[in-house]
Amino acid sequence: MQIMITHGGLARTRVVSFSRMQLGLAIAALVLVLLLASGAVYHFIFLKAAREGWPIVSQLVKLVVHDEIAQRDRFMRENLDAMAVKVGEMQARMVKLEAMGDRVTGLAGVKPDDLKVMTAPAPGPAASGAFRAAPGVGGPYVPLDHPTLDQLNLALQGLESQAEQRTDLLTFAESRLFETRLRALMVPNSRPIASDVIGSGFGFRTDPFTNRPALHTGLDFAADVGTTIVAAAGGVVLSTDWHPQYGHLLEIDHGNGLVTRYAHTSAILVKAGDLVKRGQPVARVGTTGRSTGPHLHFEVVVDGVPQDPAKFLAAGPAPALPALAQRTLVPTPSGPLGTH
């Protein structure tokens, strides 16, 4: 690109040449100068006019700013209204959750005295007027007609507090339910053998060896030698020793002073210290010790005192055992039902 410059005082016309790069740089510099100039005009004229209230410029500035503020307020109001609807839905769900939590705690056996600490007023600012979620069904009130941001924040804080309280309450109820289930698992209320034939029950009877009245401290289940014996409840194997009266004796500790005994066995499948669960095979029927024939002598002892096992055993059917596991290939002596 060439530019020709002529003047009366010049002897001849001067020609100035520009390359494309130089022309582009010149245009860019011009645009930058215009931007800086417009920024300076806006800063020093329009802002000053708005602050000082110039007659014409200030009105134009106020119109522009007012439109921007109105648009921003409308956007915020729409967002706040949408948040209010969500908070209302969360409050409704929280009320349902509270009602469900009350039912669950009732089923878990949680007493009102156990919840006094959770429902008591918290010390500090919350007790002196700041927001604190009240116990029971309910929640913070959020007006549906154009709530403010502070009201929404207050409601969200209340929902958070209630959610934490409900979580703690349900965790406590879950712990109680687990304790109840654990106690049920540790109570010997399942038959230790798949047999419906009972020889002697708990109580006084004529001793088969001396023919004198004597206390029988357990239940005798008649079965063939080798029949599988299962744990009547979960526990820890206490001992697997030989006893002159009981023969091969297995004792399982179920906690809280409760012990079950499985006597006259031909084989014991566990060892002292093993952790067993309900229905697990632990021994096999035999006729060892003071016994007249093959049977299982089953005892329940609480704090060292024999109890009637019939009061513990469930009224349901005998445990279902695999056909091959119920009996081993051990010769079975013929004769009457075993007892001792």
Exercise. Would you say the side-chain atoms of Glu251 pair up with the backbone N or O of Leu249, donor to acceptor, closer than 3.5 Å?
Worked result: no
Exercise. Do the side chains of Phe312 and Leu258 get nearer than 4.5 Å, heavy atoms only?
Worked result: yes
Exercise. Do the charged groups of Lys271 and Asp274 touch, with an N to O distance under 4.0 Å?
Worked result: yes
Exercise. Between Gly218 and Pro309, which heavy-atom pair has the shortest distance, and what is it?
Worked result: CA-CG, 4.1 Å
Exercise. Just checking, is any N or O donor in the side chain of His254 or Thr260 under 3.5 Å from an acceptor N or O on the other one?
Worked result: yes
For this session: Verify the cluster assignment for Val236 and Val302: are they in a single hydrophobic cluster under the rule of side-chain heavy atoms below 4.5 Å apart?
Result: no
For this session: Check for a donor-acceptor pair, side chain of Thr288 on one end and backbone N or O of Gly247 on the other, with a separation under 3.5 Å.
Result: no
For this session: Tell me, with the steps shown, if Val301 and Arg261 meet side chain to side chain contact (heavy atoms under 4.5 Å, CB included).
Result: CA-CA 8 Å; Val301 180; Arg261 291 173 178 169; 4.0 Å; yes
Problem set entry | Derivation of the side chain to side chain contact (heavy atoms under 4.5 Å, CB included) call for His264 and Leu296 | CA-CA 6 Å; His264 309 306; Leu296 167 66; over 6 Å; no
Problem set entry | N/O donor-acceptor pair under 3.5 Å between Ser291 side chain and Gly293 backbone | yes
Problem set entry | Where Pro192 and Tyr262 come nearest, the two heavy atoms and their spacing | CB-CE2, 3.8 Å
Exercise. Where is the tightest heavy-atom contact between Ala232 and Ser190, given as atom of each residue plus distance?
Worked result: CB-O, 3.2 Å
Problem set entry | Single-linkage hydrophobic cluster Ile229~Val259, side-chain heavy atoms < 4.5 angstrom | no
For this session: Determine whether Ile198 and Phe221 make a side-chain contact, defined as any pair of heavy atoms from C-beta on separated by less than 4.5 Å.
Result: yes
Problem set entry | Val31 and Leu35, any side-chain heavy atoms less than 4.5 Å apart | yes
Exercise. Thr265 side chain to His248 main-chain N or O, any donor-acceptor pair under 3.5 Å?
Worked result: yes
Exercise. Between CD1 of Ile268 and CZ of Arg284, what distance do you get to the nearest 0.5 Å?
Worked result: 12.0 Å
Exercise. Is any side-chain heavy atom of Ile193 less than 4.5 Å from a side-chain heavy atom of Thr227?
Worked result: yes
For this session: Please check if the side chain of Asp253 supplies one atom and the backbone of Gly255 the other of a donor-acceptor pair under 3.5 Å.
Result: yes
Exercise. Is the backbone of Leu34 close enough, under 3.5 Å, to the side chain of Ser38 for a donor and an acceptor to pair up by distance?
Worked result: yes
Problem set entry | Any donor-acceptor N/O pair, Ser266 side chain to Val225 backbone, under 3.5 Å | no
Exercise. Between Asp207 and Arg290, is there a side-chain N and carboxylate O pair less than 4.0 Å apart?
Worked result: yes
For this session: Could you tell me whether the side chain of Gln157 and the main chain of Leu154 form a donor-acceptor pair under 3.5 Å?
Result: no
Exercise. Roughly how far, to the nearest 0.5 Å, is the CD1 atom of Ile27 from the CG atom of Leu32?
Worked result: 14.0 Å
Problem set entry | Inter-residue atom distance Ser200.OG - Leu219.CG, 0.5 Å rounding | 9.5 Å
For this session: Begin from the C-alpha positions of Val282 and Leu269 and carry the test side chain to side chain contact (heavy atoms under 4.5 Å, CB included) through to its verdict.
Result: CA-CA 5 Å; Val282 292; Leu269 308 179; 5.6 Å; no
Exercise. Is there side-chain contact between Ile252 and Val276, with heavy atoms separated by less than 4.5 Å?
Worked result: yes
Exercise. Would you call Val285 and Asp224 a side-chain contact if the rule is heavy atoms closer than 4.5 Å?
Worked result: no
Problem set entry | Taking every non-hydrogen atom, the tightest pair across Thr292 and Pro208 | CG2-CB, 4.3 Å
Exercise. Would you say Val187 and Phe298 are hydrophobically clustered, going by side-chain heavy atoms of ILVMFWY under 4.5 Å?
Worked result: yes
Exercise. For the residue pair His297 and Tyr246, is the inter-centroid distance of their aromatic rings smaller than 6.0 Å?
Worked result: yes
Exercise. Taking it one step at a time, do Leu313 and Asn189 satisfy side chain to side chain contact (heavy atoms under 4.5 Å, CB included)?
Worked result: CA-CA 4 Å; Leu313 295 180; Asn189 54 5; 5.9 Å; no
Problem set entry | Minimum heavy-atom distance between Pro306 and Phe202, given as atom pair plus value | O-CZ, 4.0 Å
For this session: With rounding to the nearest 0.5 Å, note down the distance linking CG in Asp220 to CD in Glu299.
Result: 9.5 Å
